[in-house]
Amino acid sequence: MSTRLVVLISGNGSNLQAILDAIYYKMLDAQVVGVISNRKDAYGLARAAKVKVPTRYLPLAPYTADGRGREAYDADLAAAVREFKPDFVVLAGWMHILSPAFLDHFGYRVINLHPALPGQFPGAHAIADAYAAFQRGEIKQTGVMVHLVPDAAVDAGPIIASEEVRIDPRDPLESLTSRIHNVEHKLLIQALRRLIQGDE
Ligand code: GRF
């Protein structure tokens, strides 16, 4: 049986697509058994549906509106993920920080992708933050990392793979962004192969 992946998304889902493609082309011995989004209009949901992967939409807003709060959301999210019986949970553009109410169900089996090098620019604006730091002469390069998520620290945890991305002074932010996304699509698959197949 191939490794079961549940992928959590919030948007475009190009990294989900990279996983689906790698599986289709037999570059990755895995199956995506479920995709969950916190946003209804996330294009990644359509990408999953197209290849008949079951999807769920689970928004946080009702939990904050009626006072149940984040912990209850994370617990329900964990229950939804567990229904798919995953070996690994992949955060591929998932824009919520997960608390122990979620993470404690999946010790060392949650993987996050982040568009910055280890220890640099955590948070939702990593690419723009790195670009601004470059303009100020503080860094020469940025990068991408894939790491395990053992606790609620933001964009931190044991590194599975990372790769530097050079910043060209003539680079507009858009082209740096698209180069980083290209590296993400490749590095995420490399990291999953490393975890699943023990590839170096
Ligand atoms: C990626 O840059 C990911 O690292 C970040 O959000 C983006 C998601 O892109 N956290 P996509 O939805 O996979 O296209």
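Whatever order the structure lists them in is the order used to number ligands and atoms, beginning at 1. Nothing fancy with the numbering, it's 1 onward along the sequence. No hydrogens, no waters, no symmetry mates; every other heavy atom, side chains included, goes into these values. Because the structure is a prediction, the values reported are computed rather than measured.
More than 12 heavy atoms of other shown residues, nucleotides or ligands fall within 6.0 angstrom of atom CD1 in Ile196. By the neighbour-count criterion of 12 heavy atoms within 6.0 Å, atom CD of Glu71 is sparsely surrounded, having that number or fewer from other residues, nucleotides or ligands. The number of heavy-atom neighbours closer than 6.0 Å to OH of Tyr57, taken from other residues, nucleotides and ligands shown, is above 12.
The closest approach between Leu113 and ligand 1 falls below 4.0 Å for a heavy atom of the residue. Using a 4.0 Å heavy-atom cutoff, Pro115 is listed among the residues neighbouring ligand 1.
Side chain of Arg47 to main chain of Gln17: no donor-acceptor pair is present (N/O by atom type, distance under 3.5 Å, no hydrogens or angles). Arg179 contributes a side-chain N or O that, together with a main-chain N or O of Arg166, makes up a donor-acceptor pair within less than 3.5 Å.
The nearest heavy-atom contact from the protein to atom 13 (O) of ligand 1 is Asn15 ND2, 2.7 Å. Of the protein's non-hydrogen atoms, the one nearest atom 4 (O) of ligand 1 is Glu184 OE2, 2.3 Å. Closest to atom 8 (C) of ligand 1, if we only count protein heavy atoms, is Gly93 CA, 3.5 Å. Nearest non-hydrogen protein atom to atom 14 (O) of ligand 1 is Ser14 OG, 2.5 Å.
Proximity to Asn12 (heavy-atom distance under 4.0 Å) selects the following atoms of ligand 1: 12 (O), 14 (O).
Where the criterion is an N or O separation shorter than 3.5 Å, residue side chain and backbone included, Gly13 meets it with respect to ligand 1.
Side chain to side chain, Asn38 and Tyr73 fail the donor-acceptor criterion of an N or O pair below 3.5 Å.
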